[in-house]
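Whatever order the structure lists them in is the order used to number ligands and atoms, beginning at 1. Remember, it's a predicted structure, so these values are computed and weren't measured experimentally.
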Amino acid sequence: AYPAGGTENIILLTDSYKVTHHFQYPDNTSTVCSYFESRGGKFPSTVFFGLQYLLKRFLCGPVVTKEKIKEAKELYEAHFSQDVFNEEGWNYILEHHKGYLPMRIKAVPEGTVVPVKNVLFTVENTDPKCFWLTNYFETLLVQAWYPMTVATNSRFMKEIIAKCLDETADSLLGLPFKLHDFGFRGSTSVEAAGIGGAAHLVNFKGTDTIAGICMARNYYHCPVAGFSIPAAEHSTITTWGRNGEYEAFKNMLTKFPTGIIAVVSDSYDLWNACEHVWGEQLKELVVSREESGGTLVVRPDSGHPPDIVVKVLDILGQKFGTSTNTKGFKMLPSYLRVIQGDGISYETLGAILDNMKKHGWSSENLTFGSGGALLQRLDRDTQKCAYKCSYAIIDGKEVNVFKQPITDLGKKSKKGRLTLEYQDGKLATVEEGKGDPKKDILVTVYENGKLLRDYTFDEVRQNAEIDLVKKKSPA
Ligand SMILES: O=C1OCCC/C1=C\Nc1ccccc1
(Lines give C-alpha, C1' and ligand atoms only; values in the text may rest on other atoms or scores of the structure.)
Protein backbone atom coordinates (compact mmCIF):
# COMPACT_ATOMS: atom_id res chain seq x y z
CA ALA A 1 0.00 0.00 0.00
CA TYR A 2 1.19 3.52 -0.68
CA PRO A 3 1.78 5.77 2.36
CA ALA A 4 -0.77 8.49 3.07
CA GLY A 5 -0.43 11.42 0.69
CA GLY A 6 1.58 9.38 -1.75
CA THR A 7 5.06 9.51 -0.27
CA GLU A 8 7.11 9.47 2.91
CA ASN A 9 10.17 10.59 0.97
CA ILE A 10 11.09 13.74 2.84
CA ILE A 11 12.91 15.14 -0.21
CA LEU A 12 9.58 15.16 -2.08
CA LEU A 13 7.64 16.86 0.75
CA THR A 14 8.09 20.40 -0.51
CA ASP A 15 6.85 22.85 -3.15
CA SER A 16 8.40 22.35 -6.58
CA TYR A 17 9.92 25.84 -6.75
CA LYS A 18 11.87 25.18 -3.58
CA VAL A 19 13.81 22.46 -5.39
CA THR A 20 15.38 25.29 -7.43
CA HIS A 21 16.07 27.65 -4.51
CA HIS A 22 19.59 26.48 -3.65
CA PHE A 23 20.68 28.26 -6.86
CA GLN A 24 19.02 31.51 -5.80
CA TYR A 25 20.66 32.61 -2.55
CA PRO A 26 23.70 34.92 -2.61
CA ASP A 27 27.08 33.17 -2.91
CA ASN A 28 28.64 32.26 0.45
CA THR A 29 25.33 32.22 2.27
CA SER A 30 26.08 30.08 5.31
CA THR A 31 23.05 30.56 7.55
CA VAL A 32 19.35 31.10 6.88
CA CYS A 33 17.10 31.59 9.87
CA SER A 34 13.33 31.70 9.46
CA TYR A 35 10.36 31.94 11.80
CA PHE A 36 6.68 31.01 11.95
CA GLU A 37 3.96 33.35 13.18
CA SER A 38 0.25 34.05 13.05
CA ARG A 39 0.00 37.57 11.59
CA GLY A 40 -3.50 37.92 13.00
CA GLY A 41 -6.93 36.96 11.75
CA LYS A 42 -10.11 35.69 13.37
CA PHE A 43 -8.75 35.27 16.89
CA PRO A 44 -6.42 37.64 18.81
CA SER A 45 -4.25 34.80 20.11
CA THR A 46 -3.47 31.26 19.03
CA VAL A 47 -2.96 27.95 20.82
CA PHE A 48 0.34 26.62 19.55
CA PHE A 49 -0.14 22.89 18.90
CA GLY A 50 0.89 20.15 16.45
CA LEU A 51 4.53 20.84 15.59
CA GLN A 52 5.55 17.76 17.58
CA TYR A 53 3.45 15.57 15.29
CA LEU A 54 5.19 16.97 12.19
CA LEU A 55 8.64 16.57 13.73
CA LYS A 56 8.07 12.99 14.88
CA ARG A 57 6.26 11.95 11.71
CA PHE A 58 8.56 13.52 9.12
CA LEU A 59 11.81 15.03 10.45
CA CYS A 60 13.20 12.82 13.20
CA GLY A 61 15.83 10.16 12.55
CA PRO A 62 17.98 9.43 9.48
CA VAL A 63 15.29 10.59 7.06
CA VAL A 64 17.64 11.04 4.08
CA THR A 65 18.71 7.82 2.33
CA LYS A 66 20.43 6.88 -0.90
CA GLU A 67 17.19 5.43 -2.25
CA LYS A 68 15.21 8.58 -1.50
CA ILE A 69 17.83 10.75 -3.21
CA LYS A 70 17.67 8.52 -6.27
CA GLU A 71 13.86 8.57 -6.33
CA ALA A 72 13.79 12.35 -5.96
CA LYS A 73 16.47 12.90 -8.60
CA GLU A 74 14.50 10.87 -11.14
CA LEU A 75 11.16 12.46 -10.30
CA TYR A 76 12.48 16.02 -10.39
CA GLU A 77 14.33 15.37 -13.64
CA ALA A 78 10.99 14.42 -15.20
CA HIS A 79 9.02 17.10 -13.33
CA PHE A 80 11.23 19.97 -14.49
CA SER A 81 12.43 18.43 -17.79
CA GLN A 82 15.87 19.61 -16.70
CA ASP A 83 18.39 18.90 -13.95
CA VAL A 84 17.77 21.35 -11.09
CA PHE A 85 17.91 18.85 -8.25
CA ASN A 86 20.45 19.54 -5.49
CA GLU A 87 21.88 16.03 -5.57
CA GLU A 88 25.19 17.20 -4.14
CA GLY A 89 23.46 18.93 -1.25
CA TRP A 90 21.42 15.87 -0.31
CA ASN A 91 24.40 13.55 -0.70
CA TYR A 92 26.32 15.86 1.63
CA ILE A 93 23.61 15.39 4.29
CA LEU A 94 23.75 11.64 3.76
CA GLU A 95 27.55 11.46 3.96
CA HIS A 96 28.31 14.10 6.61
CA HIS A 97 25.20 13.78 8.76
CA LYS A 98 24.25 10.14 8.19
CA GLY A 99 20.91 11.26 6.81
CA TYR A 100 19.96 13.36 9.87
CA LEU A 101 18.82 16.86 8.94
CA PRO A 102 21.30 19.51 10.18
CA MET A 103 18.61 21.90 11.45
CA ARG A 104 17.60 23.48 14.75
CA ILE A 105 14.02 24.33 15.64
CA LYS A 106 13.14 26.41 18.69
CA ALA A 107 9.45 26.59 19.56
CA VAL A 108 7.10 27.95 22.18
CA PRO A 109 5.95 25.05 24.41
CA GLU A 110 3.01 23.15 22.89
CA GLY A 111 -0.33 24.37 24.18
CA THR A 112 0.95 27.85 24.97
CA VAL A 113 -1.55 30.59 24.12
CA VAL A 114 0.31 33.36 22.29
CA PRO A 115 -1.04 36.74 21.16
CA VAL A 116 -0.85 37.01 17.34
CA LYS A 117 2.12 38.70 15.65
CA ASN A 118 4.58 36.82 17.80
CA VAL A 119 7.25 34.32 16.83
CA LEU A 120 6.00 30.77 17.47
CA PHE A 121 9.02 28.84 16.26
CA THR A 122 12.34 29.52 14.53
CA VAL A 123 14.23 27.28 12.12
CA GLU A 124 17.92 27.46 11.22
CA ASN A 125 20.53 25.24 9.57
CA THR A 126 23.25 23.89 11.84
CA ASP A 127 25.72 23.16 9.02
CA PRO A 128 26.83 26.19 6.98
CA LYS A 129 26.73 24.17 3.79
CA CYS A 130 23.03 23.43 4.31
CA PHE A 131 21.70 27.02 4.35
CA TRP A 132 19.13 25.94 1.70
CA LEU A 133 17.43 23.46 4.08
CA THR A 134 15.77 26.04 6.35
CA ASN A 135 13.23 27.12 3.77
CA TYR A 136 13.02 23.76 2.03
CA PHE A 137 10.93 22.66 4.99
CA GLU A 138 8.69 25.70 5.13
CA THR A 139 6.06 23.73 3.21
CA LEU A 140 5.84 20.96 5.76
CA LEU A 141 6.30 23.09 8.89
CA VAL A 142 3.66 25.64 7.91
CA GLN A 143 1.14 22.78 8.01
CA ALA A 144 1.24 23.41 11.75
CA TRP A 145 -1.38 26.04 10.85
CA TYR A 146 -4.07 23.33 10.91
CA PRO A 147 -3.75 21.82 14.41
CA MET A 148 -3.00 25.28 15.76
CA THR A 149 -6.11 26.82 14.21
CA VAL A 150 -8.40 23.95 15.25
CA ALA A 151 -7.06 24.14 18.83
CA THR A 152 -7.52 27.92 18.79
CA ASN A 153 -11.09 27.88 17.45
CA SER A 154 -12.05 25.10 19.86
CA ARG A 155 -10.55 27.05 22.80
CA PHE A 156 -12.49 30.21 21.92
CA MET A 157 -15.67 28.10 21.83
CA LYS A 158 -14.68 26.77 25.26
CA GLU A 159 -14.44 30.33 26.59
CA ILE A 160 -17.96 31.14 25.37
CA ILE A 161 -19.40 27.99 26.95
CA ALA A 162 -17.42 28.45 30.19
CA LYS A 163 -18.61 32.04 30.60
CA CYS A 164 -22.24 30.96 30.24
CA LEU A 165 -21.80 28.02 32.60
CA ASP A 166 -20.24 30.38 35.12
CA GLU A 167 -23.34 32.57 34.90
CA THR A 168 -26.05 29.91 34.81
CA ALA A 169 -24.66 26.64 36.25
CA ASP A 170 -23.71 25.43 39.71
CA SER A 171 -20.16 24.60 38.56
CA LEU A 172 -17.75 24.34 35.63
CA LEU A 173 -17.16 20.63 36.30
CA GLY A 174 -19.02 19.54 33.16
CA LEU A 175 -17.06 21.90 30.88
CA PRO A 176 -14.64 19.28 29.43
CA PHE A 177 -17.63 17.43 27.93
CA LYS A 178 -19.62 20.40 26.67
CA LEU A 179 -18.34 20.37 23.09
CA HIS A 180 -18.22 16.96 21.40
CA ASP A 181 -16.28 16.39 18.16
CA PHE A 182 -18.62 15.11 15.40
CA GLY A 183 -16.13 15.96 12.66
CA PHE A 184 -14.48 12.75 11.46
CA ARG A 185 -16.66 12.28 8.34
CA GLY A 186 -16.35 15.92 7.31
CA SER A 187 -12.57 15.91 7.53
CA THR A 188 -10.44 15.96 4.40
CA SER A 189 -8.72 12.66 5.26
CA VAL A 190 -8.10 10.21 8.07
CA GLU A 191 -4.78 12.00 8.74
CA ALA A 192 -6.51 15.39 8.90
CA ALA A 193 -9.19 13.99 11.23
CA GLY A 194 -6.46 12.66 13.50
CA ILE A 195 -4.62 15.95 13.66
CA GLY A 196 -7.75 18.09 14.02
CA GLY A 197 -9.39 15.61 16.38
CA ALA A 198 -6.36 15.76 18.68
CA ALA A 199 -6.30 19.55 18.47
CA HIS A 200 -9.88 19.71 19.77
CA LEU A 201 -8.95 17.34 22.58
CA VAL A 202 -6.38 19.86 23.82
CA ASN A 203 -9.39 21.77 25.14
CA PHE A 204 -12.09 19.12 25.65
CA LYS A 205 -12.59 15.44 26.51
CA GLY A 206 -15.66 14.57 24.42
CA THR A 207 -15.13 13.17 20.95
CA ASP A 208 -16.39 10.69 18.35
CA THR A 209 -13.30 11.25 16.17
CA ILE A 210 -11.37 8.12 17.05
CA ALA A 211 -8.46 9.14 14.79
CA GLY A 212 -7.90 12.04 17.19
CA ILE A 213 -7.61 9.63 20.12
CA CYS A 214 -4.99 7.70 18.15
CA MET A 215 -2.96 10.82 17.33
CA ALA A 216 -2.90 11.93 20.98
CA ARG A 217 -1.81 8.44 21.95
CA ASN A 218 0.85 7.93 19.28
CA TYR A 219 2.38 11.40 19.33
CA TYR A 220 1.61 12.87 22.76
CA HIS A 221 1.72 9.90 25.13
CA CYS A 222 -1.95 10.06 26.06
CA PRO A 223 -3.54 6.55 26.25
CA VAL A 224 -7.15 7.79 25.96
CA ALA A 225 -7.51 11.51 25.37
CA GLY A 226 -11.27 11.52 24.82
CA PHE A 227 -14.49 9.71 25.67
CA SER A 228 -17.91 8.98 24.20
CA ILE A 229 -21.16 7.14 24.98
CA PRO A 230 -23.67 4.84 23.27
CA ALA A 231 -25.74 6.97 20.90
CA ALA A 232 -28.31 6.46 18.15
CA GLU A 233 -28.10 7.65 14.59
CA HIS A 234 -31.04 8.08 12.22
CA SER A 235 -30.58 4.59 10.67
CA THR A 236 -30.94 2.84 14.03
CA ILE A 237 -34.21 4.69 14.59
CA THR A 238 -35.70 4.77 11.10
CA THR A 239 -35.09 1.06 10.39
CA TRP A 240 -37.89 0.45 12.92
CA GLY A 241 -40.28 2.19 10.51
CA ARG A 242 -42.22 5.45 10.50
CA ASN A 243 -44.45 4.09 13.26
CA GLY A 244 -41.66 2.34 15.13
CA GLU A 245 -40.04 5.27 16.88
CA TYR A 246 -41.47 4.22 20.25
CA GLU A 247 -40.01 0.70 19.81
CA ALA A 248 -36.68 2.15 18.64
CA PHE A 249 -36.45 4.49 21.63
CA LYS A 250 -37.56 1.77 24.06
CA ASN A 251 -34.91 -0.52 22.58
CA MET A 252 -32.24 2.09 23.38
CA LEU A 253 -33.41 2.31 27.01
CA THR A 254 -33.47 -1.47 27.47
CA LYS A 255 -30.27 -2.35 25.59
CA PHE A 256 -28.35 0.32 27.59
CA PRO A 257 -30.11 0.13 31.00
CA THR A 258 -27.47 2.18 32.83
CA GLY A 259 -25.14 5.04 32.00
CA ILE A 260 -25.58 7.94 29.62
CA ILE A 261 -27.12 7.38 26.17
CA ALA A 262 -28.04 9.83 23.44
CA VAL A 263 -30.98 9.36 21.10
CA VAL A 264 -31.54 11.42 17.97
CA SER A 265 -35.23 12.30 18.07
CA ASP A 266 -36.04 14.39 15.00
CA SER A 267 -36.47 11.59 12.42
CA TYR A 268 -40.16 12.44 11.85
CA ASP A 269 -41.64 14.76 14.47
CA LEU A 270 -39.36 16.04 17.23
CA TRP A 271 -42.28 17.56 19.14
CA ASN A 272 -44.23 14.33 19.14
CA ALA A 273 -41.08 12.46 20.22
CA CYS A 274 -40.43 14.79 23.17
CA GLU A 275 -44.02 15.29 24.28
CA HIS A 276 -45.61 11.88 23.73
CA VAL A 277 -42.89 9.24 23.31
CA TRP A 278 -40.27 10.39 25.84
CA GLY A 279 -42.69 12.51 27.91
CA GLU A 280 -45.54 9.97 28.21
CA GLN A 281 -45.15 6.49 26.68
CA LEU A 282 -41.56 5.97 27.94
CA LYS A 283 -41.60 8.42 30.83
CA GLU A 284 -41.49 5.78 33.59
CA LEU A 285 -38.63 3.93 31.86
CA VAL A 286 -36.67 7.15 31.54
CA VAL A 287 -37.23 8.15 35.16
CA SER A 288 -36.47 4.66 36.52
CA ARG A 289 -32.97 4.74 35.04
CA GLU A 290 -32.09 7.53 37.48
CA GLU A 291 -31.30 5.21 40.40
CA SER A 292 -28.66 3.42 38.30
CA GLY A 293 -27.16 6.74 37.21
CA GLY A 294 -28.84 6.45 33.84
CA THR A 295 -29.16 9.63 31.79
CA LEU A 296 -31.06 10.05 28.55
CA VAL A 297 -29.69 12.75 26.24
CA VAL A 298 -32.26 13.87 23.66
CA ARG A 299 -30.69 14.94 20.35
CA PRO A 300 -32.57 17.27 18.02
CA ASP A 301 -30.82 17.51 14.67
CA SER A 302 -32.74 20.05 12.57
CA GLY A 303 -34.45 23.38 12.76
CA HIS A 304 -33.13 26.74 13.93
CA PRO A 305 -30.92 25.78 16.89
CA PRO A 306 -31.69 28.63 19.32
CA ASP A 307 -35.46 27.97 19.03
CA ILE A 308 -35.22 24.19 18.79
CA VAL A 309 -33.08 23.82 21.93
CA VAL A 310 -35.35 26.01 24.07
CA LYS A 311 -38.52 24.33 22.81
CA VAL A 312 -37.11 20.85 23.53
CA LEU A 313 -36.11 21.97 27.03
CA ASP A 314 -39.53 23.52 27.63
CA ILE A 315 -41.41 20.37 26.59
CA LEU A 316 -39.14 18.03 28.58
CA GLY A 317 -39.35 20.42 31.53
CA GLN A 318 -43.13 20.34 31.34
CA LYS A 319 -43.25 16.54 31.23
CA PHE A 320 -40.48 15.62 33.68
CA GLY A 321 -40.37 18.67 35.93
CA THR A 322 -37.51 21.10 36.66
CA SER A 323 -35.56 22.40 39.62
CA THR A 324 -33.79 25.73 40.13
CA ASN A 325 -30.04 25.78 40.66
CA THR A 326 -27.87 28.05 42.82
CA LYS A 327 -27.70 30.63 40.02
CA GLY A 328 -31.48 30.76 39.72
CA PHE A 329 -31.71 28.92 36.42
CA LYS A 330 -33.87 25.90 35.54
CA MET A 331 -32.43 22.40 35.49
CA LEU A 332 -33.95 19.26 33.99
CA PRO A 333 -33.83 16.18 36.31
CA SER A 334 -30.33 14.63 36.47
CA TYR A 335 -31.44 11.74 34.26
CA LEU A 336 -32.35 14.02 31.35
CA ARG A 337 -30.17 16.23 29.14
CA VAL A 338 -30.06 17.61 25.56
CA ILE A 339 -27.32 17.60 22.94
CA GLN A 340 -27.34 19.96 19.93
CA GLY A 341 -24.98 18.74 17.23
CA ASP A 342 -26.39 20.56 14.20
CA GLY A 343 -25.24 23.99 13.06
CA ILE A 344 -22.75 24.48 15.91
CA SER A 345 -19.77 26.80 15.44
CA TYR A 346 -17.93 29.62 17.18
CA GLU A 347 -20.36 31.98 15.44
CA THR A 348 -23.61 30.23 16.43
CA LEU A 349 -22.95 29.16 20.05
CA GLY A 350 -23.80 32.54 21.50
CA ALA A 351 -27.32 32.81 20.08
CA ILE A 352 -28.26 29.39 21.46
CA LEU A 353 -26.86 30.13 24.91
CA ASP A 354 -28.47 33.57 24.97
CA ASN A 355 -31.89 32.19 24.07
CA MET A 356 -31.56 29.54 26.79
CA LYS A 357 -30.68 32.23 29.36
CA LYS A 358 -33.58 34.38 28.18
CA HIS A 359 -35.94 31.48 28.90
CA GLY A 360 -34.35 30.76 32.29
CA TRP A 361 -32.50 27.58 31.32
CA SER A 362 -29.05 26.76 32.71
CA SER A 363 -26.51 25.93 30.01
CA GLU A 364 -25.65 22.90 32.13
CA ASN A 365 -28.66 21.16 30.52
CA LEU A 366 -27.01 21.21 27.10
CA THR A 367 -24.00 19.69 25.39
CA PHE A 368 -22.88 20.77 21.92
CA GLY A 369 -21.58 18.65 19.05
CA SER A 370 -19.66 20.21 16.21
CA GLY A 371 -18.25 18.69 13.02
CA GLY A 372 -17.40 20.69 9.92
CA ALA A 373 -16.98 23.99 11.74
CA LEU A 374 -14.72 22.37 14.33
CA LEU A 375 -12.33 20.45 12.08
CA GLN A 376 -12.79 21.67 8.54
CA ARG A 377 -14.14 25.19 8.00
CA LEU A 378 -10.72 26.76 8.64
CA ASP A 379 -7.74 27.55 6.51
CA ARG A 380 -4.24 28.97 6.75
CA ASP A 381 -5.66 32.49 6.45
CA THR A 382 -7.98 32.06 9.44
CA GLN A 383 -4.99 32.98 11.59
CA LYS A 384 -2.73 34.19 8.75
CA CYS A 385 0.04 31.70 9.46
CA ALA A 386 3.31 32.46 7.70
CA TYR A 387 6.93 31.42 7.62
CA LYS A 388 9.53 34.03 6.73
CA CYS A 389 13.28 34.42 6.69
CA SER A 390 14.42 37.00 9.26
CA TYR A 391 18.20 36.52 9.44
CA ALA A 392 21.12 35.24 7.37
CA ILE A 393 24.90 35.11 7.40
CA ILE A 394 26.42 35.92 4.04
CA ASP A 395 30.15 36.15 3.45
CA GLY A 396 30.46 35.80 7.22
CA LYS A 397 28.37 38.92 7.81
CA GLU A 398 25.10 38.91 9.74
CA VAL A 399 22.16 40.30 7.80
CA ASN A 400 18.72 41.21 9.13
CA VAL A 401 16.32 39.97 6.45
CA PHE A 402 12.75 41.16 6.01
CA LYS A 403 9.96 41.94 3.59
CA GLN A 404 7.90 45.12 3.80
CA PRO A 405 5.50 45.26 0.84
CA ILE A 406 4.21 48.76 0.15
CA THR A 407 1.19 46.97 -1.28
CA ASP A 408 0.32 45.37 2.08
CA LEU A 409 2.23 46.39 5.16
CA GLY A 410 0.21 43.76 7.08
CA LYS A 411 2.56 41.29 5.44
CA LYS A 412 5.74 42.90 6.74
CA SER A 413 7.99 40.40 8.46
CA LYS A 414 10.18 40.46 11.54
CA LYS A 415 13.91 41.16 11.37
CA GLY A 416 16.99 39.42 12.69
CA ARG A 417 17.34 36.82 15.41
CA LEU A 418 14.07 36.59 17.33
CA THR A 419 13.28 35.70 20.91
CA LEU A 420 9.90 35.42 22.65
CA GLU A 421 9.89 36.97 26.09
CA TYR A 422 7.44 37.96 28.81
CA GLN A 423 7.30 41.73 29.17
CA ASP A 424 5.00 42.98 31.96
CA GLY A 425 3.30 39.59 32.00
CA LYS A 426 2.57 39.60 28.27
CA LEU A 427 4.41 37.65 25.59
CA ALA A 428 6.35 39.81 23.15
CA THR A 429 8.82 39.17 20.34
CA VAL A 430 12.20 40.84 20.57
CA GLU A 431 13.80 41.34 17.14
CA GLU A 432 17.25 41.97 15.70
CA GLY A 433 18.99 39.83 18.25
CA LYS A 434 18.24 42.38 20.97
CA GLY A 435 16.54 39.76 23.14
CA ASP A 436 17.92 38.16 26.27
CA PRO A 437 18.53 34.45 25.57
CA LYS A 438 17.94 33.74 29.25
CA LYS A 439 14.42 35.19 28.99
CA ASP A 440 13.62 33.46 25.71
CA ILE A 441 10.71 31.04 26.19
CA LEU A 442 11.39 29.39 22.84
CA VAL A 443 12.66 25.87 23.57
CA THR A 444 15.02 23.95 21.30
CA VAL A 445 12.69 21.07 20.48
CA TYR A 446 14.60 19.66 17.50
CA GLU A 447 18.29 19.54 16.59
CA ASN A 448 20.07 17.52 13.90
CA GLY A 449 17.29 15.02 13.48
CA LYS A 450 16.63 14.47 17.14
CA LEU A 451 13.61 15.53 19.19
CA LEU A 452 14.94 17.28 22.29
CA ARG A 453 11.60 17.99 23.95
CA ASP A 454 8.72 15.53 23.94
CA TYR A 455 5.54 17.17 25.34
CA THR A 456 2.83 15.03 26.92
CA PHE A 457 -0.81 15.77 26.21
CA ASP A 458 -1.32 16.64 29.88
CA GLU A 459 1.33 19.37 29.63
CA VAL A 460 -0.26 20.68 26.45
CA ARG A 461 -3.71 20.75 28.07
CA GLN A 462 -2.36 22.58 31.12
CA ASN A 463 -0.67 25.20 28.98
CA ALA A 464 -3.84 25.76 26.96
CA GLU A 465 -6.30 25.91 29.90
CA ILE A 466 -8.61 28.93 29.89
CA ASP A 467 -8.28 31.58 32.59
CA LEU A 468 -11.78 31.03 33.98
CA VAL A 469 -10.89 27.44 34.86
CA LYS A 470 -7.38 28.27 36.10
CA LYS A 471 -8.86 30.92 38.37
CA LYS A 472 -11.37 28.44 39.80
CA SER A 473 -8.90 25.69 40.54
CA PRO A 474 -5.61 27.28 41.55
CA ALA A 475 -2.77 24.77 41.06
O1 LIG B 1 -25.32 12.01 19.97
C2 LIG B 1 -24.22 11.81 20.48
O3 LIG B 1 -24.12 11.92 21.82
C4 LIG B 1 -22.82 11.92 22.42
C5 LIG B 1 -21.94 10.91 21.80
C6 LIG B 1 -21.80 11.16 20.34
C7 LIG B 1 -23.09 11.47 19.68
C8 LIG B 1 -23.22 11.49 18.31
N9 LIG B 1 -22.14 11.26 17.54
C10 LIG B 1 -22.06 11.71 16.23
C11 LIG B 1 -20.87 11.52 15.53
C12 LIG B 1 -20.74 11.94 14.23
C13 LIG B 1 -21.80 12.58 13.60
C14 LIG B 1 -22.99 12.78 14.30
C15 LIG B 1 -23.13 12.37 15.61
**Asked** So is Arg185 polar-close to ligand 1, meaning N/O to N/O under 3.5 Å?
**Response** no

**Message:** Taking distance alone, with N or O pairs closer than 3.5 Å, would you say His180 contacts ligand 1?
**Reply:** no

Which residue and non-hydrogen atom of the protein lie closest to [atom], and at what distance in Å?
| atom | result |
| --- | --- |
| atom 1 (O) of ligand 1 | Arg299 NE, 3.2 Å |
| atom 14 (C) of ligand 1 | Phe182 CD2, 3.6 Å |
| atom 11 (C) of ligand 1 | Asp208 OD2, 3.4 Å |

**Prompt:** Is the gap between the ring centers of Phe49 and Tyr220 under 6.0 Å?
**Reply:** yes

**Message:** Can you confirm if the aromatic rings of Phe43 and Tyr346 lie within a centre distance of less than 6.0 Å?
**Reply:** yes

**Prompt:** Backbone, side chain, both or neither: what part of Val264 comes under 4.0 angstrom of ligand 1, heavy atoms only?
**Reply:** neither

**Request:** Answer with yes or no whether Ile339 contacts ligand 1, where contact means a heavy atom under 4.0 Å from a ligand atom.
**Result:** yes

**Contacting atoms of ligand 1, where contact means under 4.0 angstrom from a heavy atom of Ile229** = 4 (C), 5 (C)

**Message:** Under a 4.0 angstrom heavy-atom cut-off, which atoms of ligand 1 come close to Ala231?
**Reply:** 1 (O), 2 (C), 3 (O), 7 (C)

**Asked** Do Tyr53 and Glu110 have side-chain N/O donor and acceptor atoms under 3.5 Å apart?
**Response** no

**Asked** Between Asn355 and Trp361, does any side-chain donor sit less than 3.5 Å from a side-chain acceptor?
**Response** no

**Complete:** Partner of Leu336 under side-chain contact (heavy atoms from CB on, under 4.5 Å), picked from Val297, Leu316, Leu313, is Leu316

**Asked** Any idea which of Ala262, Ala232, Ser228, Gly186 brings a heavy atom closest to atom 3 (O) of ligand 1?
**Response** Ala262

**Message:** Are more than 12 heavy atoms, taken from residues, nucleotides or ligands other than Arg380, located less than 6.0 Å from that residue's CZ atom?
**Reply:** no

**Prompt:** Once you round to the nearest 0.5 Å, how far does CG of Asn463 lie from OG1 of Thr112?
**Reply:** 4.5 Å

